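Take a look at the structure set out below.
All values reported here derive from a predicted model rather than from experimental measurement.
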Amino acid sequence: SDLKEITVQDIKDNLQKSKIGQEIAEYSKNLKEPIELNDTTIMLDSEGRKIYGEEDGGKITIYLLNCENPERAARTIIHECTHYRYGIGESQWAESVCFAQELKHKYKRDYLTISEKRRIIKAVKEGYPEYNWRKGGRIYGRKQINSR
């Protein structure tokens, strides 16, 4: 394949291109476990869709073989670090927050427009039908029962 191997330096350089990227690069230095850049596994979900990364109790894994380029890897680090940083997950709202941070990096700005936010929410509702908006998600690692 023509895919160039993505190096740690490529990812570090890419993270420097936005304010959120720089913030996450700094934040990630203090994680209890270093981010694992897995370059041997092609990870797919039950529907056969690529999984770019995952966060499980502070262990963040990025699946480099699924990332087309250093920006995708950097965006995935931002996404997974956001899950961990705020302790959020397993809800459409949590995914929307993480994708919003990713897109700020992509667009190299500190804000998203209303239409960009709407597009994220629509994509997340379609992409994560197994999650409710808030109910049953995790906040600071704890299951949310009574939230909407």
Task: Pair Tyr111-Glu116, side chain to side chain donor-acceptor pair (under 3.5 Å): steps then yes or no - done: CA-CA 10 Å; Tyr111 65 90; Glu116 286 163 351; over 6 Å; no
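Residues Gln9 and Lys12 bring no donor and acceptor atom of their side chains to less than 3.5 Å of each other. For the 3.5 Å distance criterion, the side chains of Tyr52 and Glu80 fail to qualify, holding no donor opposite an acceptor.
When side chains are defined from C-beta on, Glu54 counts as touching Met43, because their heavy atoms get closer than 4.5 Å. Between Tyr107 and Ser18, the closest side-chain pair of non-hydrogen atoms is not below 4.5 Å. The side-chain heavy atoms of Leu44 and Tyr63, taken from C-beta on, include no pair separated by under 4.5 Å.
Around atom NZ of Lys19, no more than 12 heavy atoms belonging to other residues, nucleotides or ligands sit under 6.0 Å away. Within 6.0 Å of the CG atom in Asp13, the count of heavy atoms belonging to other residues, nucleotides or ligands exceeds 12. For Arg118, the CZ atom counts as loosely surrounded, since its 6.0 Å shell holds 12 or fewer non-hydrogen atoms of other residues, nucleotides or ligands.
In this structure, the side chain of Glu95 does not engage the main chain of Val97 through any donor-acceptor pair within 3.5 Å. At least one donor-acceptor pair closer than 3.5 Å links the side chain of Gln92 to the backbone N or O of Tyr131.
For the atom pair CG of Leu112 and CZ of Arg119, the computed distance is 9.0 Å after rounding to the nearest 0.5 Å. Between Thr113 atom OG1 and Leu103 atom CG the span is 9.5 Å, to the nearest 0.5 Å. The line from CG of Leu64 to OG1 of Thr41 is 10.0 Å long, rounded to the nearest 0.5 Å. Expressed to the nearest 0.5 Å, how far CD1 of Ile20 lies from CZ of Arg75 amounts to 13.0 Å. Distance CG/Asn69 to CG/Asn14: 7.5 Å, rounded to 0.5 Å. To the nearest 0.5 angstrom, Ile62 atom CD1 is 7.5 Å from Cys81 atom SG.
Heavy atoms only, all atoms of each residue included: Ile88 and Cys98 are closest at CD1-SG, 4.4 Å. Here the closest non-hydrogen pair linking Ile120 and Ala100 is CD1-CA, 3.6 Å. Closest non-hydrogen pair, Asn66 versus Ile42, comes out as OD1-CG2, 3.4 Å. The two residues Glu47 and Asp45 have their closest heavy-atom pair at N-OD1, 2.9 Å. Across Pro70 and Asp10, no two heavy atoms sit closer than the pair CG-CB, 3.6 Å.
The existence of a salt bridge linking Glu126 and Lys122 is confirmed by a sub-4.0 Å separation between a basic side-chain nitrogen and an acidic carboxylate oxygen. By the 4.0 Å N-to-carboxylate-O rule, Glu102 lies close enough to Arg72 to be salt-bridged with it. The residues Lys104 and Glu23 are annotated as not salt-bridged, no charged nitrogen and carboxylate oxygen being separated by less than 4.0 angstrom.
For His79, the ring-ring contact (aromatic ring centres under 6.0 Å, His included) partners two or more places apart in sequence, or in a different chain, are His83, Phe99.
Hydrophobic cluster membership is shared by Val8 and Ile60, with clusters built from Ile, Leu, Val, Met, Phe, Trp and Tyr side chains linked at under 4.5 angstrom. The hydrophobic cluster containing Tyr86 does not contain Tyr84, counting ILVMFWY residues as joined when their side-chain heavy atoms lie under 4.5 angstrom apart, directly or transitively. Leu37 and Ile6 end up in the same hydrophobic cluster when Ile, Leu, Val, Met, Phe, Trp and Tyr side chains are linked at under 4.5 Å.
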Donor-acceptor pairs are to be reported for all side-chain atoms of residues 27-35 against protein atoms at under 3.5 Å, with residues two or more places apart or in another chain.
{"unit_1": "Ser28", "atom_1": "OG", "unit_2": "Ile24", "atom_2": "O", "d": "3.3"}
{"unit_1": "Ser28", "atom_1": "OG", "unit_2": "Ala25", "atom_2": "O", "d": "2.9"}
{"unit_1": "Lys29", "atom_1": "NZ", "unit_2": "Glu26", "atom_2": "OE1", "d": "3.1"}

